Amino acid sequence: MLADLSPAAPPHTAEPGRDILHEVFGYEHFRGPQQAIISHVIGGGDALVLMPTGGGKSLCYQIPAIARQRAGHGTTVVISPLIALMHDQVGALHEAGVSAAFLNSTLTSEEATAVEKRMLRGELTLLYAAPERVTTPRFLAQLDSMQERGKLSLFAIDEVHCVSQWGHDFRPEYRALTVLHERYASVPRIALTATADAVTREDIVERLQLEQARTFVSSFDRPNIRYTIVEKKDASQQLLRFIGNEHAGDAGIVYCQSRKRVEEVAQMLCDEGMDALPYHAGLDSKVRQANQDKFLRHEGIVMVATIAFGMGIDKPDVRFVAHLDMPKNLEGYYQETGRAGRDGLAANAWMAYGLQDVVNQRRMIDESPAGEVFKQGLRGKLDALLGLAEATDCRRVRLLAYFGEASAPCGNCDNCLHPPAVWDGTDAARKLLSTIYRVQQASGISFGAGHIMDIVRGKQTEKVTQFGHERLSTFGIGAAFSEQQLRGVLRQLIAISAVSVDGQAFNTLQLTDASRAVLKGEVPVSLRESVSSPKARPAKAAKGSSAKAGAKAPLELDAQGEQRYLALKAWRAEVAREHNLPAYVIFHDATLATIAQRAPQSRDDLQGISGIGAKKLEAYGDEVLRVVAGVD
Ligand code: ADP
Ligand code: ZN
């Protein structure tokens, strides 16, 4: 869905850029608002594009760059902060037969000079450059000379939220990009980001003087991602089951909160025979870089990471993102899960969440040195995330609503697929709250969750005897509830701030202003029935057979097709190694699977398969046919 926020746009009859979409990229249709954006920019208009990760932002400037170069306008300069990715992005363009290069600090000065010369001679359709490079006097002088000759076609400013302090990744050097508009007012600009919120958007427009730009806002929905949030019991085993049952051999990311936990989980997955690597800020930068490269270049690697990992990871075939610990807020959750399924194929976002997560996150906020107003903001954001975790209705509806988008139940989240049985926890909640109150009254001090639940359930523990809590009127009033049920109720009470956790005092529980409404029965507490999780396929099954042979194809294939698919992947790995590029830059999995399914006999049969453009047909057509013939 496209919401065009600017006044009347001229209707277009032809579809500018469609020929390039077919010929160069080998794709049949534009996705979402791509067509509207591309015709606007080809026509020389400015654009601000807000599109979720995986929405297909690159084509929005690459196709106009090619079209405008063909029309004699010269070179498009792409400004991107993601230096580590420029090499692969430019490599992907070369594979598609587009002339491109990059300028950043990884080049020697001789290499950089060679690129500059090619740019000045007008040989480049796209030039990628880091923001700090673009604003140097030397580079601006080169742009001046291109401009004078009418060979400066377009500026594409990627990750444009970096210009705003409200975005999650402020970079001061982005501020200096105003020079582009001031110095080259006639050169169109397209600015792109996956960060949606209104404050950041307004800030971008103001900072970069994009008032004249047409704004294109895509739906932020990622329909191919299935959201699942499970109650945390034994997180490691749950993760093993999830990967073993649904993702053997797939590439995925597992997010954990601490470095220590990252190391442990990565080790555990390796012990189970998976290819898992750790990534966190405490690792040596060389190790970190090597692990990231492996994740991008090899297949089926599971990256276990803190949130230090992920910015600008544009690997399209990440099949799952798992959270073993809860992120801080919905923005983080959405961004991290968004790294799954950029290729549009089915992907899973899975999170295990428990009482301890709620306690930890609340405590971290309470203990932070920030001011009270700021903390209140953080609590509000955490509450929204807890609301999602506790939800018994469609997760996607809640997620999109948070980002200001209305939607209907999605049919592709755990709650839609298996509507949870719900029980009314109001009674249990009141019993817990009155116990917290009475204990405090009787003893003058507060206690933690375990002790409170023991009293409610009437358990005669040492601590109960020590404090004489068996004499409380609430002792044993909730004997009918299981500990798990009470734990769930308590989690939700903390989530809705009807109970607070004192991190300074052994995580003891206290009543809050919001407790009264629950005690009076004004706020219903409804909880999902805890279902015992399905029996696991032994995690070891992932070892050897399926894990090492690689993930299953994204299409239904018969035995012969599977053979072709595997042979094609082996061939692709070889080519990718030779070209020093990630495999997906050569062909996506979906493209290989389609080839495997159709068993083409001739170049004509290859034509029209999504992802095979003219250059790739020319370069790889015969080899692909040979690989297919070798299997049949
Ligand atoms: P973003 O930068 O918005 O996260 P990308 O530009 O990396 O997304 O695109 C995500 C993936 O979708 C890429 O692999 C790209 O080749 C593919 N893609 C983009 N547009 C189309 C399209 N119209 N048809 C098919 N695939 C597309
Ligand atoms: Zn749903």
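The model shown is predicted, which means the values in this text are computed figures rather than measured ones. Atoms within each ligand, like the ligands themselves, are counted from 1 in listed order.
With hydrogens and angles left out, the side-chain atoms of Glu405 and Ser219 include a donor and acceptor closer than 3.5 Å. For the residue pair His247 / Asn348, a side-chain donor-acceptor distance below 3.5 Å is found, with atom types taken as modelled. With 3.5 Å as the limit, one finds a donor-acceptor pair spanning the side chains of Tyr255 and Arg339.
Protein atoms that are N, O or S and lie under 2.8 Å from the Zn ion (ligand 2) are these: Cys394 SG, Cys410 SG, Cys413 SG, Cys416 SG.
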Quiz item: Going through the checks in order, is the salt bridge (Lys or Arg N to Asp or Glu O under 4.0 Å) test met by Asp88 and Arg297?
Solution: CA-CA 10 Å; Asp88 292 352; Arg297 272 150 214 261; 2.7 Å; yes
Quiz prompt | Derivation and outcome, salt bridge (Lys or Arg N to Asp or Glu O under 4.0 Å), residues Glu390 and Arg491 | solution = CA-CA 9 Å; Glu390 295 290 347; Arg491 196 178 63 218; 2.8 Å; yes
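A salt bridge is absent between Arg598 and Asp605; no separation between the charged side-chain nitrogens and carboxylate oxygens falls under 4.0 Å.
Using the six-membered ring where Trp is involved, Tyr333 and Tyr227 have ring planes that are tilted, between 30° and 60° apart.
Side-chain contact between Phe216 and Met51 is absent, with no heavy atoms from C-beta onward closer than 4.5 Å. With a 4.5 Å cut-off on side-chain heavy atoms, Ile190 and His40 do not count as touching.
Protein residues with a heavy atom under 4.0 Å from ligand 1 are Tyr27, His29, Phe30, Arg31, Gln34, Pro52, Thr53, Gly54, Gly55, Gly56, Lys57, Ser58, Leu59, Arg342, His588.
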